[in-house]
Amino acid sequence: MKTNRIVRRAALLCPLLCSLLCGGAAAQPVHRFSVKIGIDRTSVDSLGGLDRVRRLTEDMFRRIDRAFNYDGRFRARYEFVVDWDAFYVYDGLSTDEIGKPHPEHDYLVVMDGYKSDPRETGGGWYGDEWQTIYHARTHDDRFNSPFERNAVDGIIHEFGHARGVPDIYAMKVDADKNPINGAAFGGVRCIMNYPYGEERWSDYAVRMIDLAGGRNVDIDDLVSAALPERIRIEVVESDGRPVRGAVVRLYPVRWYSYSVREEPQAVAATGRRGACRIPVAQVFEPEKEFGVRYCNCLVEAEHDGAKAYGWLPLYLLQNTRFAGERECVLRLRLKRDCRLTRDIRCDE
């Protein structure tokens with residue numbers, strides 16, 4: 001019996017040791033995506049010819065692959081493979097290239113480093129039926145060319161969209177555009193928030209990319225499918241006692257507006273346990289832009305002259321769902337005024 005136990009332990013330890021020695025790479029799947037690239041002729045000429053552009057492109061895609069794999073946080077390895085046989089140089093408007101079909105490739109990347117026509121605008125990710133990244137830069141801006149360091153950081157961000165992550169920077173709020181309490185919201189650190197010089201994917205971005213896996217996805221569908229059912233707002237006093245009858249207002253933030261809407265999207269009151277529940281769909285309404293109309297929400301709780309505030313960005317809601325919960329909980333603690341028996345200023 002003792003010998004059998006030793007054999008069983010060895011059988012259990014061998015895969016573990018192999019995993020440790022090999023870095024777990026053998027067990028990790030690899031998701032490969034084929035990429036077709038077109039670049040405008042002016043950029044090729046200005047950057048020193050086709051051979052140099054190919055070398056620069058190779059370096060760029062080495063950086064893209066590294067950005068997705070260097071810290072091993074994803075459940076799979078990612079490889080974006082350029083099809084050099086399909087690599088082409090085009091004349092004419094770059095924006096005319098964006099919608100061209102590429103059925104034999106997962107993605108099309110249209111590069112224009114020296115935009116010369118006012119119609120050549122709107123660089124970024126074109127999802128839906130296009131599955132195209134328009135990597136548009138101009139020679140006289142801070143990026144200088146499509147292959148400058150910051151420009152490559154930008155295209156890494158666009159491949160984040162291709163793998164299912166919306167813009168976190170679109171969830172931000174400027175203080176002067178918040179008429180409710182004047183607070184700003186900056187968002188979590190992530191390549192999908194501010195990509196320049198950034199190597200970190202937020203936990204939310206990792207989970208969204210893992211959710212997409214090896215599929216070609218549309219962000220709208222992925223986002224709308226990863227929402228919890230309800231929002232639970234808990235309101236407590238400074239000592240933690242639940243507050244019954246507090247009025248809760250939810251003020252939405254629209255994508256890329258950086259502002260809080262003055263009218264609440266939903267209003268509720270807390271019950272005897274100091275909580276209220278609101279359906280997520282009542283606040284984060286379905287819409288084409290990333291699957292929902294609003295990307296963030298300022299929550300206000302008010303009771304007996306005291307108020308409390310909190311934020312509900314989309315990534316907080318969806319992290320709740322990724323954690324296996326059907327309800328996102330936000331606890332707000334009321335702040336009472338300092339009131340003494342004598343007439344003394346609270347800041348003295």
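Hydrogens, waters and symmetry mates play no part in the numbers below; they use all other heavy atoms, side chains included.
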Lys/Arg N to Asp/Glu carboxylate O, [X] vs [Y], below 4.0 Å:
X      : Y      : result
Glu287 : Arg254 : yes
Arg273 : Glu234 : no
Arg200 : Asp71  : no

Task: Check against side-chain contact (heavy atoms from CB on, under 4.5 Å), Arg207 and Tyr204 - done: CA-CA 5 Å; Arg207 289 162 181 160; Tyr204 168 66; 5.7 Å; no
Find the distance between [atom1] ([X]) and [atom2] ([Y]) and round it off to the nearest 0.5 Å.
X      : Y      : atom1 : atom2 : answer
His135 : Ser145 : NE2   : OG    : 7.5 Å
Leu50  : Arg55  : CG    : CZ    : 10.0 Å
Trp84  : Glu58  : CH2   : CD    : 4.5 Å
Ser224 : Ile219 : OG    : CD1   : 11.5 Å
Arg230 : Cys328 : CZ    : SG    : 11.5 Å
Arg244 : Arg272 : CZ    : CZ    : 7.5 Å

Task: Evaluation steps, salt bridge (charged side-chain N to carboxylate O under 4.0 Å, His left out), between Asp153 and Arg63 - done: CA-CA 9 Å; Asp153 288 344; Arg63 280 196 55 201; 2.5 Å; yes
Task: Selection residues 96-106 - residue pairs positive for side-chain hydrogen bond (donor to acceptor under 3.5 Å, both in side chains), sequence neighbours left out - done: Ser34-Asp106, Asp83-His105, Tyr88-Glu97, Glu97-Lys100, Asp106-Asn216
[Y] reachable from [X] in the ILVMFWY side-chain graph, under 4.5 Å edges:
X      : Y      : result
Ile231 : Val235 : yes
Leu317 : Ile278 : yes
Val53  : Val110 : no
Tyr256 : Leu298 : yes
Phe33  : Met60  : yes

TODO: On the 0 to 90° scale, with breaks at 30° and 60°, tag the Trp125-Tyr107 ring pair as parallel, tilted or perpendicular.
DONE: perpendicular
Closest heavy-atom contact between [X] and [Y]?
X      : Y      : answer
Ala306 : Lys335 : CB-O, 3.6 Å
Gly127 : Asp218 : C-OD1, 4.3 Å
Ala205 : Met192 : CB-CG, 4.5 Å
Pro179 : Val260 : CD-O, 3.4 Å
Asp210 : Arg75  : OD1-N, 3.0 Å
Cys295 : Phe284 : C-CE2, 4.0 Å

Task: With sequence neighbours excluded, residues passing ring-ring contact (aromatic ring centres under 6.0 Å, His included) with Phe68 - done: Tyr78, Phe80, Trp201
Quick one: does [X]'s side chain get under 4.5 Å of [Y]'s, heavy atoms only?
X      : Y      : result
Val223 : Gln318 : yes
Met208 : Phe322 : yes
Leu332 : Tyr309 : no
Phe185 : Val253 : no
Pro228 : Glu327 : no
Leu316 : Trp311 : no
Ile155 : Ile133 : yes
Tyr126 : Leu108 : no

Keeping [X] on the side-chain end and [Y] on the backbone end, is there a donor-acceptor pair under 3.5 Å?
X      : Y      : value
Arg52  : Leu47  : yes
Glu325 : Thr320 : no
Asn193 : Arg189 : no
Glu120 : Ser94  : yes
Arg163 : Gly213 : yes
Ser43  : Gly113 : yes
Arg333 : Ser238 : yes
Thr270 : Ala246 : yes
Asp40  : Tyr90  : no

TODO: Just do the side-chain contact (heavy atoms from CB on, under 4.5 Å) check on Ile39 and Phe87 with the steps written out, would you?
DONE: CA-CA 8 Å; Ile39 185 167; Phe87 188 96; 3.9 Å; yes
Task: Donor + acceptor pair across side chains of Tyr251, Asn178 (<3.5 Å) - done: no
- [ ] Please name all residues satisfying side-chain contact (heavy atoms from CB on, under 4.5 Å) with Thr95, sequence neighbours left out, ordered by chain then number.
- [x] Leu93, Ile98, Tyr134
- [ ] Report the C-alpha distance between Glu302 and Arg249 in whole Å, list the side-chain angles of each, state the deciding distance to 0.1 Å, and finish with yes or no for side-chain contact (heavy atoms from CB on, under 4.5 Å).
- [x] CA-CA 9 Å; Glu302 183 177 10; Arg249 304 178 185 91; 2.9 Å; yes
Task: Asp174 vs Ser259, side-chain contact (heavy atoms from CB on, under 4.5 Å): CA-CA, chis, key distance, verdict - done: CA-CA 6 Å; Asp174 298 332; Ser259 62; over 6 Å; no
